[in-house]
Structure formats: structure tokens, C-alpha cells
A.B. asks: 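Sharing a structure, written as C-alpha cells. Questions coming.
Being a predicted model, the structure only gives us computed values, none of them experimental. All chains are named by letter (A, B, ...) in the order of the sequence lines, taking the proteins before the strands, and each is independently numbered beginning at 1. FYI, side chains are in, hydrogens and waters are out, and symmetry mates aren't considered; it's all heavy atoms of this structure.
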Amino acid sequence: MTKEKLLLLDGNSLAYRAFFALPLLTNDSGVHTNAVYGFTTMLQKILEEEKPTKMLVAFDAGKTTFRHESYGEYKGGRQKTPPELSEQFPYLRKLIDAYQIKRYEKELYEADDIIGTLAKQAESEDMDVIIVSGDKDLTQLATDKVTVYITRKGMTDIEKYTPSHIEEKYGLSPLQIIDMKGLMGDTSDNIPGVPGVGEKTAIKLLKEYGSVEALYEQIEAMKKSKMKEKLVENEEQAKMSKKLATIFTEAPIDISLEDLNYPGPNEEEVLNVWQELSFKSLIEKSDFRMEEKETADLAFDIVTDVTTDMLKDVMAVHVELENEHYHTCRILGLGFTDGKKNFYISFEDMKNNEAIKNWLEDESKIKYMSDSKAAQAILKRINIELRGVDFDLVLATYIVNPAVSGDDLATLAKEYGYSDVQANETIYGKGAKWTVPAMEVLAEHVCRKAFAIWSLQPIVEEKLKENEQFDLYHDLELPLASILGIMESEGVKVNIATLEKMGGELEQKITALEKEIYELAGEKFNINSPKQLGVILFEKLGLPVVKKTKTGYSTAADVLEKLQSEHQIVKFILDYRQLAKLQSTYIEGLIKEVHSEDSKVHTRFQQALTATGRLSSTDPNLQNIPIRLEEGRKIRQAFVPSKEGWVLFAADYSQIELRVLAHMSKDENLVDAFIQGMDIHTRTAMDVFHVSEEEVTSNMRRAAKAVNFGIVYGISDYGLSQNLDITRKEAGEFIDKYLQSFPGVKEYMDRIVQEAKLNGFVTTILNRRRYLPDITSRNFNLRSFAERTAMNTPIQGSAADIIKKAMIDMDARLKQEGLQTKMLLQVHDELIFEAPKEEIEILERIVPEVMEHAIELAVPLKVDFSYGHTWYDAK
DNA sequence: AACGTCACG
DNA sequence: ACGTACGTGACGTTA
């Protein structure tokens, strides 16, 4: 029989040690995980190295122990366990159970005593014993049979205390460690010891006398000294301290060595816990995944023909694309599954297949998909109108947690516990090495995706229902995806000639500015390089350095503006920057995106990306076309209706975010201001500066406007001071005055931060969620950031909810009215349409009506609109 | 790939 | 004492 090896772990000490040794990590739901993580890595390492046959993790039970009877102050003055650690204990216990390791705690005794008692028992039965702790006190238990492992820094770094190691390190025997503790005390346990005696002195004394008792027996003979006085004075205290530091090896425990057999981990359970805690790196490199969780076989057929009987009423279907640019790329193939049969058909074989076309276009045939908008848009290019999508994995998971990226179906599936899909990178390679694999490989990959969608549909929908988010997902995001797909496919007509003409003019101006700049600098350099520009401005020309970035001098616009009076060159650089931006991004960049077939740009709206619920727009980004400065605004002259005799019609919400704030805070003053239909910035100025409407100067209004922005962003005095270029103190006073005038807003802000701390997330009007794991961070910066986010996200996100709902209503209304008008773009608080002239009149009526009543708030919503022959003219 | 910059709401 | 306004995407430079 092999020799028994017992591993005893000090649960509390190890958790504490890990908690303080590692940065505060969190899982996707915002639960802190660093202590459990540290414990796990340590455990993995020790299990691998030691292969124990018996194991136990001991915990402290309750607050009082038998030590308190003799010394009430024992462990007094200890900091309360931080809540970020307390919340981890349930997970730690769950993890230990998953490993099938025994846990034990006993009223009135500490983990140390349990460990000591079992170590002694095991030793008497000739077992090898290893004790693991973060606390050096345990080293007193070391013997020939018992080794004490003490973790250092990263938890996996371990110092092994055998009697000879202790002898080497301190010149003491293990038992003398207790005497040492008695003399020097222990602040963390509030053991007093002898004042003035530290480690060095204690060791010296013990080398001479052997023990505390022996020392006091011979103390008479000691030479007179300060130290002797202290020792004599504190004899009782020293003896009591030794007693407190002594680990009790005869605790009345009701667990025996036979109970501690360690059968090895339940690998599936451990993986589940790791999954829950988002221990991705551990899951990645875990050997149990390799052995046990080898991707299950998936039977699939490669077919060249699909007949109607193969297409069921409910199926998962995946349209595999070459890349994310679905307006230009090719379809590789399609995978279908009904949970039983899986098949793949290549694009070549499907494109003329009538059965597939009919099935895809049949509203009554239910499709489960992932990124249905991409599929819809690309199928449209081969004249297939996708209908009947009832599940979209990307959208559903985004609603469950917008922080989880849905770039790759494999990543997404894994996130929800399904790991039988490979990453696209594994199948295709990346960058220049990208290549379509053999048909067999591709077909399996695509079928696995379809199967993943099929398998995850009930799981993710259940999660949505549990969080009361199913309606948001099913009745808002899902239909919106289809509307966005149509908008993207429709595209926006761009007049390239207009852009080219502007480009030519810009080129001349840029060249002229370059010349001026080189002359003033006295040399040619790359103005686009902040590094080179910094050298010219701050070294060669000696301008004062206002701000630094982590790599050097800041040359950002706000810095340069402050330097304008210092040197002529600064203004030229600012002008150059402005024009260069227009040229590279909005002239050259935009021209590259225009499709030659239809002279249109087809943006892609990212619907499952932002943290707040907003959309984003890419290739090209049509949500940041210049407007603030006239030179840039002219770019909009190149955006035109797609048909002769049509116009572009633009409608935007006025102050939607502040109205949302009024609604959510129910602040009487703010609500009243909107009901009165006042200019909100003027009204704010009146309240903050205590003046009448007539007395509000343009500067006061400007300041009030900045304060309103600040409120929406989650106010900070520093941020406002930067924006208004005033001192922090002044900014702070503005904020105080604002919050006095709008007390309901202050209450709301406090409440929302509290709520975020309690739940770990904040919500919008339609119950969109954003998790804020940093809200409980002890790092000031992280925490402050999370607090501002907690204040801003419900506002920005609710505004996003409102306009999304308006888009759905607007789409329905246009159909209902039988109009030709098409919705083309959404820019966060505005909708852009193209319309035949004859429909302008009705749009002027229905667009504001629909948008203003998308969601009813405690304040009215207000929509302004205009139209023109170009986007520029729709102002 | 990361950074700085700047365009938008 | 800490050091930032919230949310995005595209471009050019530099490592």
C-alpha cells in the first residue's frame, strides 16, 4: 500500500493572503474573485506537485474562540473583513466542494487548532503531512513528518518550513517559534508580547535560555539592563502571549482521518465554478478540459441539394461569411440544424436553390440565428428577403451583458458554457495567412455554429426572462435589427464630384499651411507626428509645456489653443490639423467607402457593441460627419437623396438626455422647466446664478450649459473646470449651486450609485443593464469612474431606448401610411430620412408625433426637424 | 497594436 | 492624496 499523504489547508489565512496579494479581479457579473483565484492557482500547483491522498480545508468558525476566555482582547482591533473578500467565501466553499475536498470548522476553535490536532493524529499514524497557510504561526507544527508551506507574494511561490529550514532561518526549533511569538507578540492577532522585544531580541534570548519559562527561571542572574526591566515587568504578559500563540493540538473535533480521503476533483464541477468566476486562463490551460471535454462529435452532412422536406418549421441556420464586411464580402456556405440533423450547403449550391429561398423568405418558418442583420443584408444582395428570425444569439447575449464581446461565435458560445465551436482564427488563420479550409473542415465548423445557436437558444432566453429583459430583446432589439439591415442595404447616396472638388480646394490650403509652418519652424518635419511636432514647439521654439501625455508633450487642440498668443505657428498648426482631418477622414476616407455600383455608402450599424445601448456606425462612420465648424459642415453637401425630386429630412430630439434625467429624478424644478417649455440652459443659469431670465448673459448660459453636460456625464469639479477653463474651486461651487437648485437630481445621483453598489449593475427605462464591477473598488480612480458611469449610463442608455423604440414605431407608421419615405440613418438623437417632395408635408406631421411619443415620460419630448436637397441643407 | 488626436452625440 | 468629464470610430505615426 502506498503511503498516505495528508494535505491540510488553512482556508481563512489563504483567502486573506490571496485577497491582499492580488489585484481586485471580478467576473462578468461584478463579483470579486481575486482571493478565490489566488487560492485556486495555489491549490492547482500543490495538487500537481504533492498528489495527496487525504485533504482538508479548515476554516475559522465565528468570532470568539477559547482564546478569548483567557484574553478578551485577542484579535482585537482587527479590521473588519472587507466586503469584497466576504462575498468570495461562498464561491471558495463551492470550489472546494467541486474539488471534492473536505471542509471543516468548529465553534470556538480556529483553523490552526483543527490543523494542529489533525497533524498530530496523522503523524502518530506515520503519515506525511503538509500544512499550507499564509500565516507563519503554523511553522511551530513542523516536525520530521510535518512540513509547513507558507505562501509568498503571488500565492504560487511557496516557502517550505521543515525543522531544519527553521533552524537555518532563525536558529530555533519549531516549538521555540511559540516562545518567540510570546516574547515579540503579534500585532495582527493583538497578542501583546513584551514591549520593546522584537524578532531579533527574541531570537537572541531564546538561543541563550531555550524557552520563555527557562528565561524567567534564570532572570535573576541576568545583567541589569532596560531589557531586563521590561522582561520582569511583563512576565505575566509574556507567558499569556505564549499561551495564546500556542496551537492547540487536542481540539475536540468530530472529524477523523478516515473522513479525509481525497478522491480527486469533480472536473466538470470545477470547470463550472471556474466558468462562473470567469477564470478564463485556467479554463484555457486546464488539462481536464483536454482529457474530459474534448469536443463532442457532431454528425453532419455536406449536401449539394436541399429539398423542402429537409427544412423544418423551426431551425437554427448560420450564414457563414468571409469577413465582417457583409455589404461587400461573399457567403461561404450555410449550416442548418433542427437539433437532430445537421447539414451544410456551399454558397455555390444554395444560391439557385428555390427550396432554401422559399424557406428563408417564409415568415412562418422560425429561424434561430446569430447576427441576423448581417445575414439579412447579404442575402438581400442575392434577392432573398430573410424573414421569420425569432432568435439572434448576438443580440440576446448583448442584452444579458453588453460587456461580453460578440466578435466570434466561439467566444460567445463559450461564455455561456458551450465549447464545441472553434474560433474562426483556428479555422481560417489570420491576417495574410487567412484562407478557406477544405470543404469538410469548413462544413463542420459552420454546422457546429448552427448547433451552438440551437443549443444556446433556450439557455439565453431563459436568462433574459430571469432578468426581465426578454421584451427588450424580443420586441425592441430583434425587430430593430431588421430595420437597421434595411437602412444599411438602402445606403446613402454620395456625390463624389462634390467631395473631389472640396478635396482639391483643401489640398491647396493644406499645402499653403505646410509651407508657412515649415518656414516658421525653420525646417521641414512631419506635422502629423505629435512627437516631431512636440520637439519643434517645446524644444526648438521653447513654448511652455502645458500638459504631458504618457509618451511626451501633449499637442492636443486644447493645449495649442492656450499657446496661440505665444507664437504665430500655433494657429497655423491648428488650421492645418483641422483641414488635414477633413481631407484624410472625410474626403479621402469617405470616397473609399462609396460603392461604385450605386454611388452609395452602406454603413454598418453595430447593434451589440456599446456599453450603454447606443448604436455605433462603421465603414464609414456616418455618426460623426462634421457639423460644428462650417468648413467641415460643408462635407454634408455631398450627402444627397438617391432620387431626383427627393429631399433629406432630419428630425432630432431636443435635450433628450436632460429630459430623461428629469423623468428619472422627478426633480420638481427640472420637470417644471421642461413642462414650461423653457430653454433649459437659460433656466439653469437663472437658478444657479440667482438672476432673472433677462439678466442671463451669454457667458452665464454657456457655463450653465457646461454644468448640464457635466451632470449628464456624472459630474466632477475637475472635469467641469477643464471644460470651462476655470479653477476647480469655482467649478465645485457651480456644481453645489446646481445641486441646491435641483435637489431631486442630487438624490437621484446618490440613489443610482447606491443601487449600483448593491446590485452590481444599473438599468435603463427599458431594463437594459450595465454591470459596473469597479463600483466597489478600493482604487479611487476605478471607483470614481464607475460612479460616474453609474450616473451616466441610465441617462444615455434610456435615451438610446427611446430612439430605438421610435425607429420601430416610425418604420411601422411609414408602412401604415403607405409612404415611399425611407429611414436612412440614426445619429443617437436624430433620424435622417429621404423622401419624395410630396411626402414632406405628412412627414412634418408624423415624424415629430411618432418620435415624441415613442415612450411617455414625466416630461414632454420635443423634436425639431428640417429638410433640404443635401444633408447640409437639412438644418 | 498602441497611442494621440479629433470628428460626432 | 488620488487625477477624469459619458459614449463612440478613423486616421496617421510609432514601436
A.B. asks: Let me spell it out: for each of L720(A) and K592(A), pick the nucleotide of DNA chain C with the closest heavy atom. Which residue's pick is nearer the 5' end?
C.D. replies: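 With L720(A) and K592(A) compared, the 5'-side residue is L720(A).
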A.B. asks: Quick one: is T793(A) getting a side-chain N or O under 4.0 Å of the dG7(C) phosphate, OP1 or OP2?
C.D. replies: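 So the side chain of T793(A) is outside the cut-off, no N or O lying under 4.0 Å from OP1 or OP2 of dG7(C).
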A.B. asks: Looking at dG7(C), dA15(C), dA10(C), which one has an atom nearest to any side-chain atom of T585(A)?
C.D. replies: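 Of the candidates, dA10(C) comes closest.
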A.B. asks: Are any non-hydrogen side-chain atoms of V847(A) and L831(A) less than 4.5 angstrom apart?
C.D. replies: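 No. Closest side-chain heavy atoms not under 4.5 Å.
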A.B. asks: Taking atom P in both dT4(C) and dT5(B), what distance in whole Å separates the two?
C.D. replies: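 Rounded to whole Å, the distance is 14 Å.
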A.B. asks: Rounded to whole Å, please give me the gap between NZ in K550(A) and C1' in dT4(C).
C.D. replies: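 These atoms are roughly 14 Å apart.
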A.B. asks: If the cut-off is 4.0 Å, is K581(A) near the phosphate of dG12(C), judged by side-chain N/O to OP1 or OP2?
C.D. replies: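 It does not, given that no N or O in the side chain of K581(A) lies less than 4.0 Å from OP1 or OP2 of dG12(C).
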A.B. asks: Does the side chain of T618(A) get closer than 4.0 angstrom to OP1 or OP2 of dG9(C) through an N or O atom?
C.D. replies: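 Answer no for this pair, as no side-chain N or O of T618(A) is under 4.0 Å from OP1 or OP2.
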A.B. asks: Contact class for A800(A) (heavy atom, under 4.0 Å): base, sugar-phosphate, or nothing?
C.D. replies: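 Nothing, no heavy atom under 4.0 Å.
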A.B. asks: Between dA5(C) and dG4(B), how many Å separate the two P atoms, rounded to a whole number?
C.D. replies: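 The answer is 12 Å between these two P atoms.
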A.B. asks: What is the separation between atom CZ on R768(A) and atom P on dG7(C), rounded to the nearest whole Å?
C.D. replies: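 Computing the R768(A):CZ to dG7(C):P distance gives 15 Å.
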A.B. asks: Please say whether the positively charged group of R769(A), taken as NZ for Lys or CZ for Arg, lies over the ring of F761(A), i.e. under 6.0 angstrom from the six-membered ring centre and within 45 degrees of the axis.
C.D. replies: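 Yes - R769(A) lies over the ring of F761(A), closer than 6.0 Å to its centre and within 45° of its axis.
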A.B. asks: Mark yes or no for a side-chain to base donor-acceptor pair under 3.5 Å between R788(A) and dT4(C), with no hydrogen or angle criteria applied.
C.D. replies: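 Indeed there is one.
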A.B. asks: If you compare every side-chain N and O of T555(A) against the phosphate oxygens of dT5(B) (OP1, OP2), does one of them come in below 4.0 Å?
C.D. replies: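 The answer is yes; a side-chain N or O of T555(A) sits under 4.0 Å from OP1 or OP2.
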A.B. asks: Heavy atoms from C-beta onward define the side chain here; which of dT14(C), dG7(C), dG9(C) lies closest to that of R614(A)?
C.D. replies: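 Between dT14(C), dG7(C), dG9(C), the one nearest the side chain of R614(A) would be dG7(C).
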A.B. asks: Of the nucleotides dC6(B), dC2(C), dA5(C), which one has an atom closest to the side chain of N723(A)?
C.D. replies: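 Output: dA5(C).
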A.B. asks: Return the nucleotide paired to dG4(B): Watson-Crick means purine N1 to pyrimidine N3 with N6-O4 or O6-N4, wobble means G-U with N1-O2 and O6-N3, both under 3.5 Å.
C.D. replies: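 Because both required distances fall under 3.5 Å, dG4(B) counts as paired with dC11(C).
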A.B. asks: When you check the gap from the basic side-chain N to the acidic O, do R783(A) and D774(A) get nearer than 4.0 Å?
C.D. replies: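 A salt bridge is absent here (no side-chain N lies under 4.0 Å from a carboxylate O).
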A.B. asks: Base, sugar-phosphate or nothing for L582(A)? Non-hydrogen atoms, less than 4.0 Å.
C.D. replies: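 No contact.
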A.B. asks: Tell me whether the side-chain N or O atoms of R728(A) pair up with the base of dG3(C) as donor and acceptor below 3.5 Å, since no angle test is needed here.
C.D. replies: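 Donor-acceptor pair under 3.5 Å: yes.
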A.B. asks: Reckon Q796(A) touches a base, only the sugar-phosphate, or nothing at all at heavy-atom distances under 4.0 Å?
C.D. replies: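 Contact class for Q796(A): base.
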A.B. asks: From the list dA10(C), dA1(B), dG9(B), which nucleotide is the closest neighbour of the side chain of N621(A)?
C.D. replies: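 My answer, after comparing the listed nucleotides, is dA10(C).
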A.B. asks: Any side-chain N or O of R628(A) under 4.0 Å from OP1/OP2 of dG9(B)?
C.D. replies: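 For dG9(B), OP1 or OP2 has a side-chain N or O of R628(A) closer than 4.0 Å.
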A.B. asks: Between I715(A) and R788(A), is any pair of side-chain heavy atoms under 4.5 Å apart?
C.D. replies: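 I715(A) does not reach R788(A) side chain to side chain.
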A.B. asks: Where the side chain of V827(A) is concerned, which of dG9(C), dG9(B), dG3(C) is the nearest nucleotide?
C.D. replies: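 When the side chain of V827(A) is considered, dG9(B) is the closest of dG9(C), dG9(B), dG3(C).
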A.B. asks: Applying side chain to side chain contact (heavy atoms under 4.5 Å, CB included) between E490(A) and each of M823(A), E834(A), H602(A), report the one that passes.
C.D. replies: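 Between E490(A) and the candidates, side chain to side chain contact (heavy atoms under 4.5 Å, CB included) is satisfied uniquely by E834(A).
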A.B. asks: Which nucleotide, dC8(B), dA7(B), dG4(B), lies nearest any side-chain atom of I627(A)?
C.D. replies: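 The listed nucleotide nearest to I627(A)'s side chain is dC8(B).
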A.B. asks: Is there a side-chain contact between S529(A) and the phosphate of dT14(C), meaning an N or O under 4.0 Å from OP1 or OP2?
C.D. replies: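 Checking dT14(C) against S529(A), a side-chain N or O does come within under 4.0 Å of OP1 or OP2.
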A.B. asks: Given that both distances must come in under 3.5 Å, which nucleotide forms a Watson-Crick or G-U wobble pair with dA5(C)?
C.D. replies: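 In the structure as shown, dA5(C) has no Watson-Crick or wobble partner.
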A.B. asks: With a 6.0 Å cut-off on ring centres, are F689(A) and F734(A) close enough?
C.D. replies: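 Yes - the distance between ring centres of F689(A) and F734(A) falls below the 6.0 Å cut-off.
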A.B. asks: Go through the N and O atoms of the side chain of S716(A) and the base of dT4(C), and report whether any donor-acceptor pair is under 3.5 Å.
C.D. replies: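 Per atom types, the contact qualifies.
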A.B. asks: Pick the nucleotide of DNA chain C nearest each of N781(A) and N792(A); which residue has the one closer to the 5' end?
C.D. replies: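 The answer here is N781(A).
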A.B. asks: Measure the shortest side-chain to side-chain distance between P544(A) and E566(A) over non-hydrogen atoms and say whether it is less than 4.5 angstrom.
C.D. replies: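 A side-chain contact exists here, since the closest heavy-atom pair is under 4.5 Å.
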A.B. asks: Side-chain N or O of T549(A) versus OP1/OP2 of dG4(B): is the shortest distance under 4.0 Å?
C.D. replies: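 Yes, within the criterion.
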A.B. asks: Classify the nucleic acid contact of A790(A) as base, sugar-phosphate or nothing, counting any heavy atom under 4.0 Å across all strands shown.
C.D. replies: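 Here A790(A) touches no strand at all.
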A.B. asks: Check the distance between dA7(B)'s P and L825(A)'s CG and give it to me in whole angstrom.
C.D. replies: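 For the pair L825(A) CG and dA7(B) P, the rounded distance is 20 Å.
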A.B. asks: At under 4.0 Å between heavy atoms, what does D652(A) touch on the DNA or RNA strands: base, sugar-phosphate, or nothing?
C.D. replies: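 No contact.
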A.B. asks: Any side-chain N or O of R577(A) below 4.0 angstrom from OP1/OP2 of dC6(B)?
C.D. replies: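 Yes, such a contact exists.
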A.B. asks: Report yes if a side-chain nitrogen or oxygen of N526(A) is closer than 4.0 Å to either non-bridging phosphate oxygen (OP1 or OP2) of dT13(C); otherwise report no.
C.D. replies: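 So the side-chain polar atoms of N526(A) do come within 4.0 Å of the phosphate oxygens OP1 or OP2 of dT13(C), strictly under.
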A.B. asks: Among the nucleotides dC6(B), dA5(C), dT4(C), which one has an atom lying closest to any side-chain atom of Y713(A)?
C.D. replies: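 When the side chain of Y713(A) is considered, dA5(C) is the closest of dC6(B), dA5(C), dT4(C).
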A.B. asks: Rounded to whole angstrom, note down the P distance from dG3(C) over to dC6(B).
C.D. replies: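 Those two atoms are separated by 24 Å.
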A.B. asks: Look at all strands and tell whether A580(A) reaches a base, only sugar-phosphate, or nothing, counting heavy atoms closer than 4.0 Å.
C.D. replies: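 Nothing: the residue A580(A), judged by heavy atoms under 4.0 Å, touches no strand.
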